[in-house]
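Worksheet for the structure shown next.
Hydrogens, waters and symmetry mates play no part in the numbers below; they use all other heavy atoms, side chains included. None of these values were measured; they are calculated from a predicted model.
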Amino acid sequence: MRKKEIIAMVLAGGQGTRLKSLTKNNAKPAVPFGGKYRIIDFVLSNCANSSIDTVGVLTQYQPLILNAHIGIGMTWDLDRKFGGVRILPPYQHEAGGNWYKGTADAIYQNMNYIDYYNPEYVLVLSGDHIYKMDYNLMLDYHKEKNADCTIAVIEVPIEEASRFGIMNTHEDGRIYEFEEKPKKPKSNLASMGIYVFNWNRLKHFLKEDQKDPTSSNDFGKNVIPRMLKEGAKLYAYRFEGYWKDVGTVESYWEANMDLLKEDCQLDLYEGVNKIYAVDYSLPPQYIGPEAVVENSMIVDGCTIYGEVKNSIISRGVYIGKNAVVRDSVILQDVRIEDGATVIKSVVGNGARIREGVTVGNGKEIVLVPEKRDVKENIFEE
């Protein structure tokens with residue numbers, strides 16, 4: 001029987017309610033980011049760059065755009081006969097069917113898919129984080145430690161640690177305690193939601209978790225604590241680099257703005273470990289004779305006549321004469337008419353900012369929903 005050493009399972013069914021109108025008609029992993037990408041492009045590109053050629057994408061909430069974006073996986077070289085990328089929604093089977101109840105339940109419901117490839121290891125990933133990572137280095141660490149489970153962690157400021165699942169470890173990296181959003185954290189090692197499991201061991205714990213009627217069927221709340229309680233070997237893999245959970249409008253805006261910093265750790269321009277995106281074959285950007293563009297990213301298909309400073313401008317955007325865009329994220333096919341001003345805002349797909357209208361005052365972030373026709377000034381959300 002043919003088998004894979006490792007396969008990846010990407011949890012991409014999140015509703016992302018804190019992103020408000022950005023996820024009203026869209027799964028969080030499919031939200032546009034950085035002008036030309038969608039959030040899920042980062043994890044799929046990481047898999048491709050790590051030579052992981054078998055990826056299951058577990059979808060649930062508003063999957064249409066996400067499914068269409070991934071397609072057969074050609075963008076990430078994941079269009080394979082044995083392996084490749086597969087969309088895995090909840091489905092009806094002989095024992096009945098349910099929506100995914102939690103992260104662990106999502107993997108449990110797809111055990112047949114995983115068993116088909118008979119892997120030694122399963123890499124469980126979140127589909128809604130912004131980062132670059134070589135998963136091979138984490139797998140090597142997992143093998144070196146002879147671990148049952150390895151969890152990627154990143155150091156966060158201790159005053160922010162209460163927002164995360166925190167790993168408390170011995171000096172050798174072995175985890176002895178996991179605390180979900182502790183009020184008084186003992187360390188600042190935050191879980192990144194990236195796990196390497198020995199498949200046979202994980203399968204055992206998933207089955208045990210399903211037998212517990214009180215379980216939320218979640219890795220952080222249930223499966224990881226059960227593994228610790230039963231003496232499984234869990235290790236923390238320290239990641240050093242850029243990582244961002246873009247779970248709120250504020251963090252989403254901040255992550256986009258990070259791309260414009262000279263010292264940004266997330267390098268989109270290096271020749272290796274690229275982040276791959278779908279090519280829409282649009283015409284080149286056009287910068288008009290009186291336009292002013294400073295410290296900004298402008299994607300193909302844009303027409304700029306006005307002033308753009310410190311902003312991300314997605315494909316197909318039109319910015320009229322004497323219009324001003326500053327410190328903002330403008331998503332695709334937005335039209336900003338002559339004399340309009342947009343400051344510290346996120347403007348959704350297909351929105352229209354009418355002539356002379358002002359959006360934002362530079363203090364709080366203003367979110368303009370997709371396809372909104374803005375005819376009056378907006379200074380706060």
Side-chain angles (χ1 to χ4, degrees), residues 3-11 46-47 50-52 54 56 102-108 110-111 114-115 117-126 129 131 133-156 161 164-182 185-212 214-241 243:
K3 64 177 295 178
K4 300 283 187 179
E5 181 187 28
I6 185 170
I7 72 170
M9 300 292 280
V10 180
L11 301 167
N46 289 337
C47 287
S50 302
S51 300
I52 296 174
T54 305
T103 54
D105 180 62
I107 303 299
Y108 175 83
N110 288 283
M111 288 199 301
I114 299 173
D115 280 335
Y117 296 103
N118 191 26
E120 292 289 331
Y121 309 102
V122 172
L123 176 65
V124 178
L125 305 165
S126 296
H129 296 157
Y131 67 107
M133 185 175 183
D134 185 347
Y135 300 132
N136 289 314
L137 298 178
M138 184 174 174
L139 179 60
D140 290 344
Y141 178 87
H142 178 83
K143 293 176 181 178
E144 176 190 326
K145 295 296 187 180
N146 192 28
D148 295 308
C149 170
T150 298
I151 303 172
V153 298
I154 190 167
E155 292 187 10
V156 298
F164 300 91
I166 296 297
M167 304 293 160
N168 298 319
T169 69
H170 297 298
E171 289 186 5
D172 65 350
R174 184 163 180 174
I175 300 167
Y176 66 85
E177 185 180 26
F178 171 76
E179 296 181 289
E180 180 68 23
K181 298 181 180 179
K186 299 174 186 175
S187 82
N188 66 337
L189 296 180
S191 170
M192 298 169 64
I194 301 171
Y195 310 91
V196 175
F197 292 99
N198 292 350
W199 173 230
N200 286 334
R201 292 290 280 156
L202 175 58
K203 192 175 352 180
H204 163 76
F205 284 104
L206 289 176
K207 291 177 179 178
E208 290 298 307
D209 181 62
Q210 286 290 320
K211 295 176 184 177
D212 183 357
T214 66
S215 176
S216 302
N217 306 122
D218 182 82
F219 279 115
K221 294 178 182 177
N222 308 110
V223 173
I224 299 303
R226 181 184 291 273
M227 293 182 76
L228 285 170
K229 184 178 180 181
E230 296 189 16
K233 295 177 67 177
L234 279 71
Y235 280 84
Y237 173 77
R238 291 180 181 242
F239 174 73
E240 296 181 1
W243 177 84

Only one of Y235, F197, Y121 passes ring pair (Phe, Tyr, Trp, His ring centres under 6.0 Å) with H142, and that residue is Y121

Residue pair L206, D209: steps toward the side chain to side chain contact (heavy atoms under 4.5 Å, CB included) verdict = CA-CA 5 Å; L206 289 176; D209 181 62; 5.6 Å; no

Taking all non-hydrogen atoms of both residues, which atom of [X] and which atom of [Y] are closest, and how far apart?
X: L125; Y: C47; answer: CD1-SG, 3.8 Å
X: N136; Y: S50; answer: ND2-O, 3.0 Å
X: M133; Y: N46; answer: N-OD1, 3.2 Å
X: I154; Y: G241; answer: CD1-O, 3.7 Å
X: A104; Y: V223; answer: CB-CG2, 3.6 Å
X: D148; Y: R201; answer: OD1-NE, 3.4 Å

For K203, the salt bridge (charged side-chain N to carboxylate O under 4.0 Å, His left out) test, sequence neighbours excluded, returns D115

Under the side-chain hydrogen bond (donor to acceptor under 3.5 Å, both in side chains) test, which residues partner [X], sequence neighbours left out?
X: K211; value: E208
X: K145; value: none
X: K143; value: E5

Could you tell me if the side chain of [Y] sits less than 4.5 Å from the side chain of [X], heavy atoms only?
X: I114; Y: I7; result: yes
X: I52; Y: Y135; result: yes
X: V122; Y: I6; result: no
X: L234; Y: M227; result: yes
X: V196; Y: Y141; result: no
X: C149; Y: N198; result: no

* If only atom types and distance count, is the side chain of N188 paired as donor or acceptor with the main-chain N or O of V156 below 3.5 Å? -> yes

Under 3.5 Å, side chain of N217 to main-chain N/O of G102, donor-acceptor pair present?
no

Open item on the list: Just checking E144: does its CD atom have more than 12 heavy atoms from other residues, nucleotides or ligands closer to it than 6.0 angstrom?
Closed with: yes

**Request:** Begin from the C-alpha positions of E230 and F205 and carry the test side chain to side chain contact (heavy atoms under 4.5 Å, CB included) through to its verdict.
**Result:** CA-CA 10 Å; E230 296 189 16; F205 284 104; 3.4 Å; yes

Hits for side chain to side chain contact (heavy atoms under 4.5 Å, CB included) against S191, two or more places apart or cross-chain, chain-then-number order -> I151, M167, Y195

query = When the ring planes of W243 and F164 are compared, do they come out parallel, tilted or perpendicular, using 30° and 60° as the limits?
reply = tilted

Straight-line distance of [X] [atom1] to [Y] [atom2], nearest 0.5 Å:
X: L123; Y: L139; atom1: CG; atom2: CG; value: 8.5 Å
X: K233; Y: T150; atom1: NZ; atom2: OG1; value: 10.0 Å
X: Q210; Y: S215; atom1: CD; atom2: OG; value: 7.5 Å

Using atom types as modelled, flag every donor-acceptor pair under 3.5 Å from a side chain in residues 172-179 to any protein atom, sequence neighbours excluded.
residue, atom, partner, partner atom, Å
D172, OD1, R174, N, 3.0
E177, OE1, N168, ND2, 3.0
E177, OE1, K186, NZ, 2.9
E177, OE2, K186, NZ, 3.3
E179, OE1, N168, ND2, 3.0

Quick one about [Y] and [X] (side-chain donor to acceptor, distance below 3.5 Å, no hydrogens or angles considered), yes or no?
X: D212; Y: T214; value: yes
X: E120; Y: N200; value: no
X: T103; Y: D218; value: yes

Practice problem: Apply side chain to side chain contact (heavy atoms under 4.5 Å, CB included) to R238 and L189, showing your working. | Solution: CA-CA 8 Å; R238 291 180 181 242; L189 296 180; 3.7 Å; yes

